[in-house]
Structures are given as C-alpha cells and as structure tokens.
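Down below is the structure, laid out as structure tokens.
None of these values were measured; they are calculated from a predicted model.
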Amino acid sequence: PDIHRCQTGSCSVYDIRGVHMLAELLQNDQWLFAGQLVLAAFLGGLIGLEREAGHRPAGLRTFMLVSTGSALFTILSIYAFPSETGLRDTARVAAQIVSGIGFLGAGTVWRSQNAVKGLTTAAGLWVAAAIGMAVGAGFGLLAAAATVLVLVILTVMLRFETIIARQDAEAPDSLPPGASQGPHGR
C-alpha cells in the first residue's frame with residue numbers, strides 16, 4: 001500500500017488489508033484455535049492408529065481429517081460469523097457435521113452374505129467427529145477423556161468379543177429341546 005496516501009486518510013480498507021491480516025494472525029485467539037486443531041488431529045490420530053493397526057477401511061489419516069475438520073467447522077461456527085443481533089445459530093453447523101459424517105460413515109459399511117462389515121469404523125468416524133467438535137468448542141479435557149474411552153472400547157472390548165466368539169465356537173452344536181439359537185445363530 002501507498003503509506004503516504006494512507007497517512008493522509010485517502011486509502012481504503014483494501015489498501016491496508018495486508019496489515020490487518022497480519023495483525024489478525026498475531027492475535028492470541030488465532031494461536032489458540034491452531035492449537036485446538038492440532039489437539040483434534042492428535043486425538044483423532046490416536047483412534048485412527050488403532051483402526052489402521054487392524055487394517056480397517058478408515059485409518060490414521062481419515063480419522064485425523066474427520067476430527068480436525070469437525071474442530072475447524074465448530075470453531076468457525078462459534079467465532080467466524082458474527083451477527084448484528086449478537087445471537088448465533090452455532091447448532092446448525094454442529095448438526096451439519098453430524099449429517100456429513102453419517103454420509104461418510106455409510107461409505108465404510110457394506111454387506112456380504114449374512115454379515116455386515118464396517119459398522120465399528122463408521123461409529124468410530126462418528127465419535128471422532130464429536131471429539132473434534134468438543135475440542136473446537138473448547139472442551140479439550142472432555143475430548144481427551146472420550147478418546148481414552150473410545151480406545152478402551154476398541155481394544156479391550158475386542159478382546160472380550162474374541163473370548164466370547166471362541167467359547168461360542170467351542171460350544172456343542174446341539175441345543176436343548178425348545179431352545180433358540182437367537183438372532184445370530186451359531
């Protein structure tokens with residue numbers, strides 16, 4: 001920008017826009033938001049690593065992107081769209097994140113013969129989005145606790161499922177008269 005012209009008051013906002021952008025970048029809130037994005041990526045990545053280790057359809061990068069994107073959309077919905085009345089409809093963006101993740105999760109689910117695959121991956125993407133939203137809304141501790149809980153569910157509960165499946169497979173094939181095999185059969 002022409003500094004002399006701006007000093008005399010004849011410059012427009014567009015002439016000094018670069019200066020405003022630099023000032024905005026140096027504001028503390030911008031660094032806080034960037035830190036929130038990093039935290040969201042890290043927490044989503046932890047879940048993604050577990051899924052990647054199990055060779056699941058969505059892994060490290062997908063979970064990191066979902067969590068980071070959800071955090072970014074949440075931050076933007078809270079801070080980027082000021083209203084003249086002071087009221088903001090931040091829940092609208094949150095609802096759209098949930099809808100979008102539902103669409104993404106549906107892409108990981110498929111049916112083959114009598115089995116449905118990918119439901120846990122879809123649920124993991126859904127909860128990774130919620131974790132990102134929590135970070136974006138400023139609830140980092142809640143997001144970290146949810147991440148730990150999700151990792152426990154994905155690892156410890158998988159071991160329990162394996163033990164139950166093994167016991168079920170070793171059970172005799174005959175059932176007492178009148179007994180049902182249930183919805184999953186043997």
Side-chain angles (χ1 to χ4, degrees), residues 28-80 88-112 114-171 182-185:
N28 288 337
D29 287 349
Q30 295 285 328
W31 292 106
L32 173 66
F33 299 151
Q36 286 176 300
L37 294 179
V38 170
L39 177 60
F42 175 73
L43 295 175
L46 291 176
I47 299 169
L49 277 174
E50 189 282 332
R51 305 309 291 162
E52 190 88 27
H55 305 288
R56 304 298 181 209
L60 176 66
R61 292 180 302 160
T62 304
F63 277 83
M64 289 178 81
L65 289 170
V66 164
S67 189
T68 303
S70 296
L72 181 58
F73 281 128
T74 301
I75 291 166
L76 291 173
S77 74
I78 294 170
Y79 299 103
R88 294 183 219 177
D89 188 7
T90 56
R92 185 178 304 184
V93 173
Q96 295 306 315
I97 292 170
V98 174
S99 297
I101 294 304
F103 179 77
L104 185 63
T108 67
V109 178
W110 69 92
R111 182 175 181 201
S112 63
N114 292 333
V116 177
K117 305 277 186 184
L119 287 175
T120 303
T121 299
L125 289 169
W126 179 69
V127 78
I131 288 168
M133 290 171 65
V135 172
F139 296 99
L141 182 60
L142 178 66
T147 302
V148 169
L149 183 58
V150 167
L151 290 172
V152 167
I153 291 168
L154 290 173
T155 57
V156 174
M157 293 314 198
L158 178 62
R159 289 189 183 118
F160 283 127
E161 283 181 350
T162 304
I163 291 168
I164 291 170
R166 189 177 311 128
Q167 289 174 350
D168 196 31
E170 293 171 357
H184 300 294

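- Checked against ring pair (Phe, Tyr, Trp, His ring centres under 6.0 Å), Phe139 has no partners two or more places apart in sequence or in another chain.
- Partner of Thr147 under the side-chain contact (heavy atoms from CB on, under 4.5 Å) criterion, chosen from Leu43, Leu39, Val127: Leu43.
- Side-chain atoms of Ile75 and Leu37, non-hydrogen and from C-beta on, do get closer than 4.5 Å to each other.
- The distance from atom CG of Leu154 to atom CD1 of Ile47, rounded to the nearest 0.5 Å, is 7.0 Å.
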Would you list the atom pairs, donor with acceptor, under 3.5 Å between side chains in residues 57-68 and any protein atom, with sequence neighbours excluded?
| residue | atom | partner | partner atom | Å |
| --- | --- | --- | --- | --- |
| Ser67 | OG | Ala40 | O | 2.8 |
| Thr68 | OG1 | Met64 | O | 2.8 |

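- With sequence neighbours left out, the side-chain contact (heavy atoms from CB on, under 4.5 Å) criterion links Ala122 to Thr108, Val109.
- With sequence neighbours left out, Arg159 forms a side-chain hydrogen bond (donor to acceptor under 3.5 Å, both in side chains) with no residue at all.
- In this structure, Ile101 and Ala129 approach most closely via the heavy-atom pair CG1-CB, 3.4 Å.
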### Task
Would you check, one step at a time, whether the test side chain to side chain contact (heavy atoms under 4.5 Å, CB included) holds for Val93 with Leu76?
CA-CA 9 Å; Val93 173; Leu76 291 173; over 6 Å; no
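- For residues 116-131, every residue pair satisfying the side-chain hydrogen bond (donor to acceptor under 3.5 Å, both in side chains) rule, not counting sequence neighbours, is listed here: Arg51-Thr121.
- Residues Leu32 and Gln36 are in side-chain contact: their nearest non-hydrogen atoms beyond the backbone lie under 4.5 Å apart.
- Shown here for Ala143 and Val135, the closest heavy-atom pair between the two residues is CB-CG2, 3.4 Å.
- Partners of Thr90 according to the side-chain contact (heavy atoms from CB on, under 4.5 Å) rule, which considers only residues two or more places apart in sequence or in another chain, are Ser77, Ile78, Arg88.
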